[in-house]
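Accompanying notes for the structure given below.
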Amino acid sequence: MSLFEIGDTYYSHPDYPLIRHINNMIASFDDGLHRTVCAFHDSGKLSKEFQTYIRNPRDSKKTTHSFESAVFFLKNNGLEINEQSFSIFLSILRHHGKLENVDELAYALSSEDYIEEKHPNLQECIEHISAITGKKLDFNLDEVIDLFDTDTGSFVKDHQFDKDISLYFKIKETFSKLIFSDKYEAIFKSSYQHEPFAKSEYYIE
C-alpha cells in the first residue's frame with residue numbers, strides 16, 4: 001500500500017511498526033497526494049538515531065525526523081518543486097508543529113550553517129534511509145540549499161503565497177489530512193473511516 005516496503009522491525013512508536021502506521025494513515029483518505037505525503041512523512045524515523053531512541057527513550061538522545069523526511073521526499077522527487085510537491089514537502093516538514101511564514105522558512109533552508117547546526121548528520125541520515133527503502137539516492141546538501149536560495153531564483157521567490165489562492169488551499173488541505181490521519185492512527189491504531197451522520201431523529205430520540 002505504501003510507496004516503498006520496509007520491514008516491520010522499524011518502529012514509528014514504541015513496539016509499533018512504522019509500515020503499519022503509514023498504511024493505516026494512507027487508508028484514511030482515497031487520495032493519491034495523501035498517499036504520497038503519508039508514505040514519506042515519517043521516513044526520517046528510519047534513521048539509526050531514531051530507531052535507537054524509540055527502543056530505549058530513557059537512555060537515548062532524543063532526535064528529529066520531520067526535516068529528514070521532508071528532504072528525503074524532495075530528493076526522491078528529483079528535487080522538482082511545483083504546487084503539489086511543495087504542499088507535500090511543507091506538510092511533512094511541519095507536521096509536528098504549525099505552518100509558518102514561507103519566506104522565513106526559505107531563508108533558513110538556504111543557509112548551510114543553519115542546516116548543519118540543526119542537522120549535522122543529515123547526509124548520512126538520508127543515505128541510510130535511501131538504502132533501507134531501496135531508493136539508493138545520492139544526496140548533496142548544496143542541491144537543497146540552491147532550491148530555496150531566493151537570491152538565485154526559486155519556487156518560493158516566484159510564487160506570491162499571500163495571493164496564490166490555489167496553492168494556499170492545496171497546502172492547507174494536504175497538511176490537514178496528514179496531521180488528522182497521523183494523530184488518529186497514533187491514538188486508535190487504525191485508519192479513519194468516514195461515517196455519514198445518522199438521521200436527525202436519532203439524535204432527537
Side-chain angles (χ1 to χ4, degrees), residues 1-23 25-26 33-57 59-82 84-97 105-149 152 154-156 174 178 182:
M1 190 180 229
S2 180
L3 298 180
F4 45 81
E5 289 301 320
I6 54 177
D8 58 10
T9 57
Y10 297 100
Y11 296 154
S12 62
H13 303 83
D15 298 316
Y16 194 74
L18 173 59
I19 193 65
R20 187 185 306 171
H21 176 60
I22 291 173
N23 284 337
M25 287 178 61
I26 289 173
L33 190 150
H34 178 71
R35 181 185 182 203
T36 300
V37 72
C38 287
F40 284 93
H41 86 290
D42 272 353
S43 55
K45 289 184 175 182
L46 293 170
S47 70
K48 295 177 182 178
E49 292 81 5
F50 185 89
Q51 290 303 308
T52 299
Y53 163 75
I54 204 66
R55 283 168 168 75
N56 198 356
D59 299 327
S60 303
K61 183 180 179 181
K62 194 171 183 179
T63 185
T64 62
H65 69 274
S66 297
F67 183 81
E68 294 82 354
S69 300
V71 171
F72 178 61
F73 161 74
L74 268 187
K75 182 61 181 177
N76 183 75
N77 196 56
L79 296 174
E80 289 187 23
I81 291 287
N82 53 38
Q84 179 169 298
S85 63
F86 185 76
S87 69
I88 294 172
F89 168 77
L90 188 59
S91 297
I92 294 174
L93 185 67
R94 302 303 304 160
H95 79 274
H96 281 292
L105 175 65
Y107 179 79
L109 293 177
S110 63
S111 169
E112 183 175 355
D113 291 340
Y114 173 85
I115 294 176
E116 289 185 344
E117 177 186 351
K118 298 290 185 181
H119 309 279
N121 300 321
L122 182 61
Q123 176 142 356
E124 179 184 345
C125 178
I126 297 299
E127 290 174 354
H128 183 72
I129 296 168
S130 299
I132 292 174
T133 57
K135 297 294 184 180
K136 299 180 180 179
L137 304 173
D138 293 325
F139 178 73
N140 187 323
L141 179 58
D142 290 337
E143 294 177 330
V144 176
I145 292 172
D146 290 343
L147 201 61
F148 291 96
D149 189 347
T152 58
S154 69
F155 180 83
V156 174
T174 307
L178 173 62
D182 192 12

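Bear in mind the structure is a predicted one, so any value in this text is a computation, not a measurement.
Among residues two or more places apart in sequence or in another chain, the side-chain hydrogen bond (donor to acceptor under 3.5 Å, both in side chains) test is passed with S85 by N82. In this structure H95 satisfies the ring-ring contact (aromatic ring centres under 6.0 Å, His included) test together with H41, H65, sequence neighbours excluded. F89 meets the ring-ring contact (aromatic ring centres under 6.0 Å, His included) test with F148; sequence neighbours excluded. Looking at residues two or more places apart in sequence or on another chain, you find a side-chain hydrogen bond (donor to acceptor under 3.5 Å, both in side chains) between Q51 and R55. Contacts of H128 classified as ring-ring contact (aromatic ring centres under 6.0 Å, His included), with partners at least two apart in sequence or in another chain: none. In this structure H13 satisfies the side-chain hydrogen bond (donor to acceptor under 3.5 Å, both in side chains) test with no other residue, sequence neighbours excluded. Annotation: ring-ring contact (aromatic ring centres under 6.0 Å, His included) contacts of F139 (sequence neighbours excluded): none. A search for side-chain hydrogen bond (donor to acceptor under 3.5 Å, both in side chains) contacts involving D8 returns nothing, not counting sequence neighbours.
Residues L137 and I126 have side chains not in contact (no heavy-atom distance under 4.5 Å, counting atoms from C-beta outward). The shortest distance between side-chain heavy atoms of I88 and L178 does not fall below 4.5 Å. Residues I54 and P14 have side chains in contact (heavy-atom distance under 4.5 Å, counting atoms from C-beta outward). Residues L33 and S87 have side chains in contact (heavy-atom distance under 4.5 Å, counting atoms from C-beta outward). A 4.5 Å side-chain heavy-atom check between F72 and T133 finds at least one atom pair inside the cut-off.
Separation of atoms CG (L141) and CG (D146) is listed at 9.5 Å; rounding is to 0.5 Å. Put simply, CG on L147 and CG on L74 are 6.0 Å apart, with the number rounded to the nearest 0.5 Å. Atoms CG and OG, from L46 and S12 in turn, are 10.0 Å apart once rounded to the nearest 0.5 Å. Here the CZ-CZ distance, from F40 to R35, works out to 10.0 Å after rounding to the nearest 0.5 Å. The distance from atom CG of L93 to atom CG of L109, rounded to the nearest 0.5 Å, is 6.5 Å. Atom CG of residue L18 and atom CZ of residue R20 lie 11.5 Å apart, to the nearest 0.5 angstrom.
Contact between C125 and S47 at its shortest, heavy atoms only, is SG-CB, 3.6 Å. Summarising the geometry of H21 relative to D182, their closest heavy-atom pair is NE2-OD1, 2.9 Å, with the distance given to 0.1 Å.
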task: Take Y53 and Y11 through the ring pair (Phe, Tyr, Trp, His ring centres under 6.0 Å) test and state the conclusion after the steps.
output: CA-CA 10 Å; Y53 163 75; Y11 296 154; over 10 Å; no
query: For N140 and Q123, what are the C-alpha separation, side-chain angles and deciding distance, and is it a side chain to side chain contact (heavy atoms under 4.5 Å, CB included)?
result: CA-CA 7 Å; N140 187 323; Q123 176 142 356; over 6 Å; no
message: Between V37 and I92, does the side chain to side chain contact (heavy atoms under 4.5 Å, CB included) criterion hold? Intermediate values first, please.
response: CA-CA 7 Å; V37 72; I92 294 174; 3.7 Å; yes
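Surrounding CG of D138 are at most 12 heavy atoms belonging to other residues, nucleotides or ligands under 6.0 Å away. The number of heavy atoms from other shown groups lying within 6.0 Å of OH (Y10) does not exceed 12.
Listed for the S130 side chain is no donor-acceptor partner under 3.5 Å among the backbone atoms of K135.
For residues 69-79, the salt bridge (charged side-chain N to carboxylate O under 4.0 Å, His left out) pairs, not counting sequence neighbours, are K75-E143. Listed by first then second residue, pairs satisfying side-chain hydrogen bond (donor to acceptor under 3.5 Å, both in side chains) with a partner in residues 111-121 read E68-H119, not counting sequence neighbours. Counting only residues at least two apart or in different chains, salt bridge (charged side-chain N to carboxylate O under 4.0 Å, His left out) contacts with residues 87-96 comprise R94-E100. Within the structure, every pair that satisfies the salt bridge (charged side-chain N to carboxylate O under 4.0 Å, His left out) test and touches residues 43-53, not counting sequence neighbours, is listed here: D42-K45.
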